[in-house]
Amino acid sequence: MNLNRKGFTLAELMVVIAILGVLMVTSVPVYHKWLQRARGSEVKIMLNSLVDGEISYFLDNDEYFPKGETLSVYHGGELPDGAADRISENLLIKIPKGHYIDYTISSLGDTCMIELSSSVDAPLDLFENTSEIYVVLDKNGLAEITYSKKPEE
């Protein structure tokens with residue numbers, strides 16, 4: 001009897017599929033954790049850039065930018081149109097468009113508020129159980145940072 005058959009048995013295929021399933025189940029949570037860490041790093045860099053730019057602008061002009069209005073940059077667009085370019089020109093910073101972090105800057109004379117949040121397209125936490133970060137700058141350049149916690153499930 002000659003047993004020189006080529007191919008895989010059903011049992012061998014089932015073992016391979018089971019191993020791949022275990023690898024998938026363990027890798028998806030790790031992947032989401034790495035995405036969360038990457039977005040958290042992006043938030044820290046954006047936050048530092050925006051705060052430094054606002055402080056520099058205040059030192060030059062004795063007021064925060066944008067005076068009396070709100071500029072928002074979302075993953076899908078800007079309010080008003082050209083808000084990201086105005087922020088870049090006035091604060092002398094460059095924040096890439098098309099990222100997954102939404103941000104809003106508003107000011108009223110000697111105070112400024114910066115809000116960063118995860119976009120609708122990337123609803124992961126920015127940090128552990130944190131969905132939004134607010135920074136309020138006062139006329140002395142002091143920053144008060146507030147983290148918005150997600151409700152307990």
Side-chain angles (χ1 to χ4, degrees), residues 8 10-60 63-108 111-138 140-153:
F8 300 103
L10 182 59
E12 291 171 330
L13 288 175
M14 288 176 57
V15 168
V16 169
I17 289 173
I19 291 171
L20 289 175
V22 168
L23 289 174
M24 282 295 289
V25 166
T26 58
S27 66
V28 169
V30 172
Y31 173 72
H32 285 292
K33 191 65 152 179
W34 279 102
L35 277 180
Q36 178 183 353
R37 289 180 181 174
R39 293 205 176 93
S41 295
E42 183 181 6
V43 165
K44 287 169 50 175
I45 292 168
M46 287 176 65
L47 186 63
N48 286 337
S49 296
L50 290 168
V51 168
D52 290 346
E54 284 289 355
I55 291 172
S56 295
Y57 187 89
F58 186 85
L59 292 173
D60 290 341
E63 64 184 9
Y64 286 111
F65 174 81
K67 185 178 181 182
E69 68 176 314
T70 299
L71 300 177
S72 298
V73 179
Y74 302 105
H75 178 64
E78 307 168 25
L79 290 175
D81 287 337
D85 293 333
R86 286 181 55 202
I87 292 169
S88 293
E89 290 170 10
N90 288 287
L91 300 184
L92 303 175
I93 59 173
K94 185 66 177 163
I95 296 177
K97 295 180 183 177
H99 49 77
Y100 290 100
I101 307 300
D102 300 333
Y103 62 98
T104 300
I105 300 174
S106 57
S107 70
L108 195 56
T111 60
C112 173
M113 188 174 102
I114 302 169
E115 173 193 350
L116 290 103
S117 61
S118 186
S119 77
V120 175
D121 295 340
L124 296 173
D125 295 342
L126 300 177
F127 299 105
E128 195 80 26
N129 293 325
T130 302
S131 57
E132 298 173 332
I133 298 174
Y134 300 93
V135 178
V136 178
L137 295 167
D138 67 7
N140 297 320
L142 297 175
E144 180 183 331
I145 301 173
T146 305
Y147 299 92
S148 173
K149 298 282 184 186
K150 290 178 73 172
E152 295 294 324
E153 296 176 3

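Keep in mind that what you see is a predicted model, and the values were worked out from it rather than measured. Any value given below was found using the heavy atoms of this structure, including those in side chains, with hydrogens, waters and symmetry copies removed.
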Cut-off 3.5 Å, no hydrogens considered: what does the side-chain donor-acceptor table look like for residues 46-60, sequence neighbours left out?
| from | atom 1 | to | atom 2 | distance (Å) |
| --- | --- | --- | --- | --- |
| Asn48 | ND2 | Lys44 | O | 3.3 |
| Ser49 | OG | Ile45 | O | 3.0 |
| Glu54 | OE1 | Phe65 | N | 3.1 |
| Ser56 | OG | Asp52 | O | 3.1 |

- Are the side chains of Leu71 and Pro80 in touch, meaning some heavy atoms are under 4.5 Å apart?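 They are in contact (side-chain heavy atoms under 4.5 Å apart), so the answer is yes.
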- Task: State, yes or no, whether a side-chain contact exists between Cys112 and Ile114 at a heavy-atom distance under 4.5 Å.
- Result: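 Yes, close enough: below the 4.5 Å cut-off.
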[X] side, atom [atom1]; [Y] side, atom [atom2] - distance, nearest 0.5 Å:
| X | Y | atom1 | atom2 | result |
| --- | --- | --- | --- | --- |
| Asp102 | Ser118 | CG | OG | 7.5 Å |
| Glu12 | Ile17 | CD | CD1 | 12.0 Å |
| Tyr64 | Ser107 | OH | OG | 9.5 Å |
| Leu91 | Ile105 | CG | CD1 | 5.5 Å |
| Tyr103 | His75 | OH | NE2 | 13.5 Å |
| Leu137 | Thr111 | CG | OG1 | 9.0 Å |

In this structure, are over 12 heavy atoms from other groups packed under 6.0 Å from [X] atom [atom1]?
| X | atom1 | result |
| --- | --- | --- |
| Leu108 | CG | no |
| Asn140 | CG | yes |
| Glu144 | CD | no |

Between the main-chain N or O of [Y] and the side-chain N or O of [X], is there a donor-acceptor pair closer than 3.5 Å?
| X | Y | result |
| --- | --- | --- |
| Ser88 | Ile93 | yes |
| Asp138 | Ala143 | no |
| Glu115 | Thr104 | no |

(message) One thing to verify: whether Glu69 and Arg86 come together as a salt bridge, which I'm taking to mean a side-chain N less than 4.0 angstrom from a carboxylate O.
(response)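 Result for this pair is yes, salt bridge flagged.
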key: Residues in side chain to side chain donor-acceptor pair (under 3.5 Å) contact with Ser117, at least two apart in sequence or another chain   =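 For Ser117, no residue satisfies side chain to side chain donor-acceptor pair (under 3.5 Å) once neighbours in sequence are set aside.
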Looking only at non-hydrogen atoms, find the nearest pair between Ser72 and Ala83 and report the distance.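 The answer is O-CB, 3.9 Å.
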